[in-house]
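Proteins come first, then strands; the chains are lettered A, B, ... in the order of their sequence lines, and each starts at number 1.
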2 protein chains.
Amino acid sequence: MQRRMGNQPTRQATRPRMVLVPGARLALRDHVRHQLRTAILSGNFAPGERLNERALAEELEVSTTPLKEALRQLEAEGLIEVLPRRGLVVRYDAGFAEEMILARAALESAIAALAARRADDGAIERLGETVATMAEATEKADIAHLIRLNECFHGEIHRAAQSVHLARLVAQQQFYDDTARRVIHRDHNDSRAALEEHSGICAAIVARDADRASALMGAHVQRSGRLYLSAVFGKERS
Amino acid sequence: MQRRMGNQPTRQATRPRMVLVPGARLALRDHVRHQLRTAILSGNFAPGERLNERALAEELEVSTTPLKEALRQLEAEGLIEVLPRRGLVVRYDAGFAEEMILARAALESAIAALAARRADDGAIERLGETVATMAEATEKADIAHLIRLNECFHGEIHRAAQSVHLARLVAQQQFYDDTARRVIHRDHNDSRAALEEHSGICAAIVARDADRASALMGAHVQRSGRLYLSAVFGKERS
DNA sequence: TTTTGAAGTTTGATATATCAGACTCCGAAG
DNA sequence: CTTCGGAGTCTGATATATCAAACTTCAAAA
């Protein structure tokens, strides 16, 4: 992790900000958190491994303060556990990932049910368009586009549901990254299955059928989750 | 928020602390987190209110380091939002609490489904006993006992489901405290309704009917959640 | 009167020093 | 040989100092 980060144009009495920095400067702790999270989810730490704060701080080239903040966040997410005065332990393993899938499925189900009740005309229209675009991308096997559309689809449902907290929680239950995503989406059969599911969910929401939307969403998330699980851990469980 | 929180032998390390706190001494940040969480959930901060780290630290009589750690945890829970370089904002309000109920319901549902599949004989037996005891306590209107048994009931289901992460997430979705709990459980009609629901859930788990256990649990959590919501916020929404 | 911009103030971000609990390990006593 | 204990070391917990971004304010210019 690089120490330097303030090479932005240092407000030199110019206009009030024309150049919006794309990524907006994140706090150091957020970099650290992201870095650690990725490392944990990639299995770079053995499950149960004791971590040393000082060593980690040194390795990441930051002081212990932002590191500690990042660790507290990861602790709140459940990825690590803190034994007071004794250190940190990584809690993430295949079983944990499996529970993340279940949590994600449960939460997305709840959101889908909300969306079926609350979606306005605009949201329904956008959702339909997204699914239509997804159909095209699936035919063309445009993986990158498909990944983006997938996020878009779920994001639109979240917005239609007017859920903030639920959406946040869902976002926390993601244990795979773009690499795994590309691997998954490469399977054309799976893409077609996913498209079927997406259409079904969309239809249920349009029909205001909250129960069906919820059930379909749950099944969809669990199915694709298991796929990711096998991609990341190379195994499946019942 | 009351100003007093730390009568621990803080400050000088002069005397070697003769009074040993009974349980494992919690880290200061955990005290701070609990205190802040309670204050937020009690509505002691206006929603949207900007918070000042230094002022908070001073009020709680701790330095900014443990305070920051506590804030990061609350941020990860979604109760506060951090605007980088600009401060903290409390995000909790009635709408947030409502989403917490939905999240809790969704997660407890998932756990109940797992429990129906995974519960062993011992777990089933304990669950049955707990429900029986709850029936007695309900008859006697033993509120304190009922509250304890209620936690016990859900705890046993969590254990039977062998869920760790899901149980953690559920625990985070609690916006009421013992005070609200006592208020709710005072209503005898509600206690009977809750008992009915608990029995039904127990029966579904014993019958290995995951779908029914899940559905009943979801309905139970949502119903009682709405009750808490009205107790805490004095209003309900659809 | 409105606008702007620069200095001063506020406040979060980061680094570092220090404190104290917990572990290790070895030697002495039983 | 086993057990107990205490000194030394490791490491997390806490406090504090410093840095830098963002906000405020006020005066000067248009």
Side-chain angles (χ1 to χ4, degrees), chain A residues 1-21 23-33 35 49-75 80-90, chain B residues 5-33 35-36 49-75 80-90:
Chain A
M1 178 162 302
Q2 67 280 32
R3 180 176 292 271
R4 273 271 60 80
M5 42 193 333
N7 279 348
Q8 259 85 41
T10 44
R11 102 179 357 279
Q12 285 288 3
T14 43
R15 275 165 280 96
R17 167 179 328 184
M18 262 181 84
V19 183
L20 246 287
V21 184
R25 211 187 103 123
L26 288 172
L28 195 46
R29 63 163 168 277
D30 291 316
H31 284 292
V32 172
R33 175 163 56 92
Q35 196 103 344
E49 179 179 352
R50 286 261 313 260
L51 266 52
N52 179 311
E53 288 193 0
R54 281 190 171 94
L56 272 179
E58 193 173 340
E59 187 171 343
L60 294 169
E61 295 186 325
V62 298
S63 82
T64 63
T65 310
L67 175 70
K68 284 173 91 67
E69 294 185 69
L71 290 175
R72 293 317 148 232
Q73 294 183 304
L74 295 174
E75 184 191 5
I80 63 176
E81 188 180 347
V82 173
L83 312 172
R85 302 264 175 198
R86 297 186 55 195
L88 312 162
V89 178
V90 175
Chain B
M5 77 169 284
N7 277 352
Q8 258 87 33
T10 46
R11 292 289 106 89
Q12 284 312 339
T14 47
R15 71 262 177 201
R17 171 170 318 151
M18 284 182 69
V19 184
L20 247 287
V21 185
R25 207 185 105 134
L26 289 172
L28 197 46
R29 64 163 169 277
D30 291 316
H31 285 293
V32 172
R33 176 164 56 92
Q35 196 100 347
L36 284 176
E49 180 178 350
R50 287 254 321 252
L51 266 51
N52 177 310
E53 287 193 1
R54 280 189 171 93
L56 272 179
E58 194 173 341
E59 187 169 346
L60 295 169
E61 295 187 326
V62 298
S63 82
T64 63
T65 310
L67 175 71
K68 285 172 89 67
E69 294 185 72
L71 289 175
R72 291 321 147 229
Q73 293 183 305
L74 294 174
E75 184 191 7
I80 64 176
E81 187 179 348
V82 173
L83 313 171
R85 304 263 175 197
R86 296 186 57 195
L88 312 163
V89 178
V90 175

Below 4.0 Å: OP1/OP2 of [N] and any side-chain N or O of [X]:
{"X": "R29(A)", "N": "dA13(C)", "value": "yes"}
{"X": "R86(A)", "N": "dT11(D)", "value": "no"}
{"X": "T65(B)", "N": "dT14(D)", "value": "no"}

[X] [atom1] to [N] [atom2]: how many Å, rounded?
{"X": "E75(A)", "N": "dG12(D)", "atom1": "CD", "atom2": "C1'", "answer": "13 Å"}
{"X": "E61(B)", "N": "dT16(D)", "atom1": "CD", "atom2": "P", "answer": "12 Å"}
{"X": "L28(A)", "N": "dT14(C)", "atom1": "CG", "atom2": "C1'", "answer": "8 Å"}
{"X": "E53(B)", "N": "dA21(D)", "atom1": "CD", "atom2": "C1'", "answer": "14 Å"}
{"X": "E58(A)", "N": "dT11(D)", "atom1": "CD", "atom2": "P", "answer": "12 Å"}
{"X": "L51(B)", "N": "dA13(C)", "atom1": "CG", "atom2": "P", "answer": "13 Å"}
{"X": "R72(B)", "N": "dT14(C)", "atom1": "CZ", "atom2": "P", "answer": "9 Å"}
{"X": "D30(B)", "N": "dA13(D)", "atom1": "CG", "atom2": "P", "answer": "9 Å"}

Nearest to the side chain of [X] - [options]?
{"X": "R85(B)", "options": "dA13(C), dA15(C), dA22(C)", "result": "dA13(C)"}
{"X": "K68(A)", "options": "dA13(D), dT16(D), dT14(C)", "result": "dA13(D)"}
{"X": "T64(B)", "options": "dA15(C), dT16(D), dA22(C)", "result": "dT16(D)"}
{"X": "N52(A)", "options": "dA15(D), dA13(D), dT11(D)", "result": "dT11(D)"}
{"X": "A27(A)", "options": "dT14(C), dA21(D), dC23(C)", "result": "dT14(C)"}

For A55(A) and N52(A), work out which heavy atoms get closest and say how close.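 That closest heavy-atom pairing would be N-OD1, 2.9 Å.
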On a heavy-atom basis, which atom in L67(A) and which in E53(A) lie closest, and how many Å separate them?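 Heavy-atom minimum between the residues: CD2-O, 3.1 Å.
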Could you go through I80(B) and L71(B), starting from their C-alpha distance and side-chain angles, then the distance that decides it, and tell me whether this counts as side-chain contact (heavy atoms from CB on, under 4.5 Å)? CA-CA 8 Å; I80(B) 64 176; L71(B) 289 175; 3.7 Å; yes
Just to be sure I understand the rule, does R54(A) reach a base, reach only the sugar-phosphate, or reach nothing, if contact means heavy atoms closer than 4.0 Å? base
For L71(A), answer base if it contacts any base atom (sugar-phosphate contacts may also be present), sugar-phosphate if it contacts only those atoms, and nothing otherwise; contact means non-hydrogen atoms under 4.0 Å.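 Since no nucleic acid heavy atom lies under 4.0 Å of L71(A), the category is nothing.
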Hey, is the main chain of R86(B) close enough, under 3.5 Å, to the side chain of R50(B) for a donor-acceptor pair? yes
Go through L88(B) and E81(B) one step at a time and tell me if the side-chain contact (heavy atoms from CB on, under 4.5 Å) criterion holds. CA-CA 6 Å; L88(B) 312 163; E81(B) 187 179 348; over 6 Å; no
